[in-house]
There are 2 protein chains.
Amino acid sequence: MLLFVIPPNTIFQLKKRVTLKQIAKELEVSVSTVSKALKNSEEISKDTKEKIQAFAKLYNYRPNNIALSLKNKKTKNIGVIIPDIVHHFFTTVFRGIEHYAGERGYNVMICVSDESFEKEVLNMELLANGSIDGFIMSLSAETQEKNDYTHLNEVLEQGIPLVLFDRVSDEVLCDKVILNDAEIAYEAVEYMIQTGKRNIALITTEGYFNVSFDRAKGYQTAIQKNGLDYNGALVLSLPYKSEDESPIWNFFENNEIDAVLCVNEIFAIKCMDVVQRQGKKVPEDISFIGFTNGILSRYSTPRLSTVAQHGELMGETAAKLLIDRIENDLEGNYKTEVISATLIHRESTIN
Amino acid sequence: MLLFVIPPNTIFQLKKRVTLKQIAKELEVSVSTVSKALKNSEEISKDTKEKIQAFAKLYNYRPNNIALSLKNKKTKNIGVIIPDIVHHFFTTVFRGIEHYAGERGYNVMICVSDESFEKEVLNMELLANGSIDGFIMSLSAETQEKNDYTHLNEVLEQGIPLVLFDRVSDEVLCDKVILNDAEIAYEAVEYMIQTGKRNIALITTEGYFNVSFDRAKGYQTAIQKNGLDYNGALVLSLPYKSEDESPIWNFFENNEIDAVLCVNEIFAIKCMDVVQRQGKKVPEDISFIGFTNGILSRYSTPRLSTVAQHGELMGETAAKLLIDRIENDLEGNYKTEVISATLIHRESTIN
DNA sequence: TGGGAGCGTGCAGCGCTTGCACACGTTCTC
DNA sequence: GAGAACGTGTGCAAGCGCTGCACGCTCCCA
């Protein structure tokens, strides 16, 4: 029977994967016959097919992915580049991507940019050299700040499909999946106004995230459309990662605030904590609404009302857009899918 | 100059990646000359090399990963299979893997088993067909329950390296990275005893996780070695995912408990919440220690004392073991690296 | 006896590497 | 000054595993 090549220095016997060539040799037919037989081709007689198929099954033949990729110029892999993996929102989006891609027979390669422009570029170049059929990504903080998208455009020029989600840019022509950030921020603020709040603060990130920008816009519009005065002093920008609570403490001590919209979950939790230590009651004295319906919101004290971003749906949508584009020739016609966020009412807002 | 093939139905001009063949044709040399020149081979004259290198640079030549993989029988990819991605611990481990792998020039393909045996098997088979050089995985709940590891052993027999972390099994002979679960549970319980606690409960998972088992062992040993009576009634097994709080509520109502060790963060948070709603004070009436130093622990009320599992270090260690095995012929000699957990004291325990 | 079926083979090629052969020019030797 | 010996630079071909086209062969029937 089959002769496996056993490296002399191997302790136990390796059952290396069997190739078409080996099957062909063993069964004394040609490689193409084996290939066709395994594909149940009409060109091969029933007898031969059965013999080959039985043999292949016995030896657990599986076609080599790499060889297929080279031949077909399709890898059935998609590349995902996200700024951070230890982050509830990205993680749920990723789950959506992984699920959907799996269903359509795609595998996922993932790279983390760590919010760094350089790593984003590097990772893209690495994957663009044939490893994947398309990209799904969310821009790193640095990239948005530099406003430099040449690496994305180069990839697109090479004909590699790209879908951007959440952190996107108008300067890149491709499919996109975004949240209706401005609208939902508007809705959140208006909700607080309707429950009697008048001095509404916004806690946002430093830097140039399109999402923070949109949320701020929604915040401002809601204030103004509801006949309140927009007061820039009630907008606090916090560094993305910092353990220093003093700016928060000062902010709430020096301003009359009875409601807060935070552009993420952690800011909201931190602020709620500070405010409660300052002796204020949530939500009676001060209401809170955050973004991201993560684990923190569900278990904080009090439970945080928040904007659910439906990350999994975003991920699925992005994967669908990408795979559709990979498999069909869509000739431009880039779509931007908007996911509708939902406001979840819990204990940090007045009912 | 170079003639790119432009599909007739393409709207804008695609700058498809350039291949050795195209460079060769353009410069009227052979493919092998180009290949050697780009590798700075001594066989090629300085003039020719310079000409070819300049041209390649101009056209941004990058070798095709797939072709290289086929040739070298090395993909420079590693496959990671984890039970869940929206989970702080796995996510930190993954980050460690990704960082370390990246440094050594490896990319990461990731599959999520969703705690399902079937998906785990499927994903493994998919990746084992040439897509990756080795696996890093943590067993799914179902796999541990079924106690069926044939898919792992098959992969090993094929000579594909495998590293197991956290959720491991003695029935698989391979490199492993684990936490000193029993010891740290022992330490945690002993700490609570030293702070005067006597009726210490354990909240653990249903099912057959090796980690829960080890933690329970540490718990029991600590109780007994410190001259207390082990009382089975003080051990509560909870389903992995469930919103029903009544078992927790009843458990704390029907038992005299003054300290609790929980095998994960969420259980701890949920229990603390229930207990506080029952009017008890944490940590005066009842202390809590959880596992996983996640975001919840840091922001809960009160802050949760917990066992830091050092996920990133686990990930890095696993990746190092794997890549070392991929790149060197280690001939068995499987190692089990033990990561030392650390107890983090916060507000849910008495100082 | 020409031409389908019916079955099967061979070759080329996907993009890249690499050992070896070969062509050519220079230098050495008698 | 002719042939051997050598060195330099380049190309050929095989091969990684697989597919698909273009054929070839053998029957058999009209």
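Numbers restart at 1 for each chain; the letters A, B, ... are given by sequence-line order, proteins then strands. Every value quoted in this text rests on a predicted model; they were computed, and no experiment measured them.
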Just report the end-to-end axis angle for the helix from C/dT1-D/dA30 to C/dC30-D/dG1, five pairs per end, to 10 degrees. 90°
To the nearest Å, how far apart are B/E28 CD and D/dG11 P? 10 Å
Using a 6.0 Å cut-off, check whether atom NZ of B/K25 has over 12 heavy atoms from anything other than its own residue. no
Sequence neighbours excluded, which residues qualify as salt bridge (charged side-chain N to carboxylate O under 4.0 Å, His left out) partners of B/E312? B/R95
State which residues pass salt bridge (charged side-chain N to carboxylate O under 4.0 Å, His left out) with B/K49; sequence neighbours excluded, sorted by chain then number. none
Answer yes if the side chains of [X] and [Y] hold a donor-acceptor pair under 3.5 Å, and no otherwise.
X	Y	answer
B/T143	B/E120	yes
B/R17	A/N129	yes
B/D166	B/S138	no
B/S116	B/D114	no

Name the one of A/N60, A/N64, A/N65 that satisfies side-chain hydrogen bond (donor to acceptor under 3.5 Å, both in side chains) with A/R62? A/N60
Member of A/S113, A/S169, A/P83 meeting the side chain to side chain contact (heavy atoms under 4.5 Å, CB included) criterion with A/L139: A/S169
Between B/F55 and B/Y59 (judged by ring centroids, cut-off 6.0 Å), do the two rings come close enough to count as a pair? yes
Working to the nearest 0.5 angstrom, can you tell me the gap between A/I326 CD1 and A/R104 CZ? 9.0 Å
Short N/O separations, protein against nucleotides 14-18 of chain D, under 3.5 angstrom:
residue: D/dG15; atom: N2; partner: B/K71; partner atom: NZ; Å: 2.9
residue: D/dC16; atom: OP2; partner: A/K21; partner atom: NZ; Å: 3.1
residue: D/dG17; atom: OP1; partner: B/K73; partner atom: NZ; Å: 2.6
residue: D/dC18; atom: OP1; partner: A/Y61; partner atom: OH; Å: 2.5
residue: D/dC18; atom: OP1; partner: A/N64; partner atom: N; Å: 3.2
residue: D/dC18; atom: OP2; partner: A/L20; partner atom: N; Å: 2.7

At their closest point, which heavy atom of B/I44 faces which heavy atom of B/A37, and how far apart are they? CG1-N, 4.0 Å
If you walk 5' to 3' along DNA chain C, what is the first nucleotide with an atom under 4.0 Å of a heavy atom in chain B, and what is the last? C/dC14 to C/dC20
Listing time: all N or O pairs from protein to nucleotides 8-10 of chain D that are below 3.5 Å?
residue: D/dT10; atom: OP1; partner: B/T48; partner atom: OG1; Å: 2.9
residue: D/dT10; atom: OP2; partner: B/S45; partner atom: N; Å: 3.2
residue: D/dT10; atom: OP2; partner: B/S45; partner atom: OG; Å: 3.1
residue: D/dT10; atom: OP2; partner: B/T48; partner atom: OG1; Å: 2.9
residue: D/dT10; atom: O4; partner: B/E43; partner atom: OE1; Å: 3.2

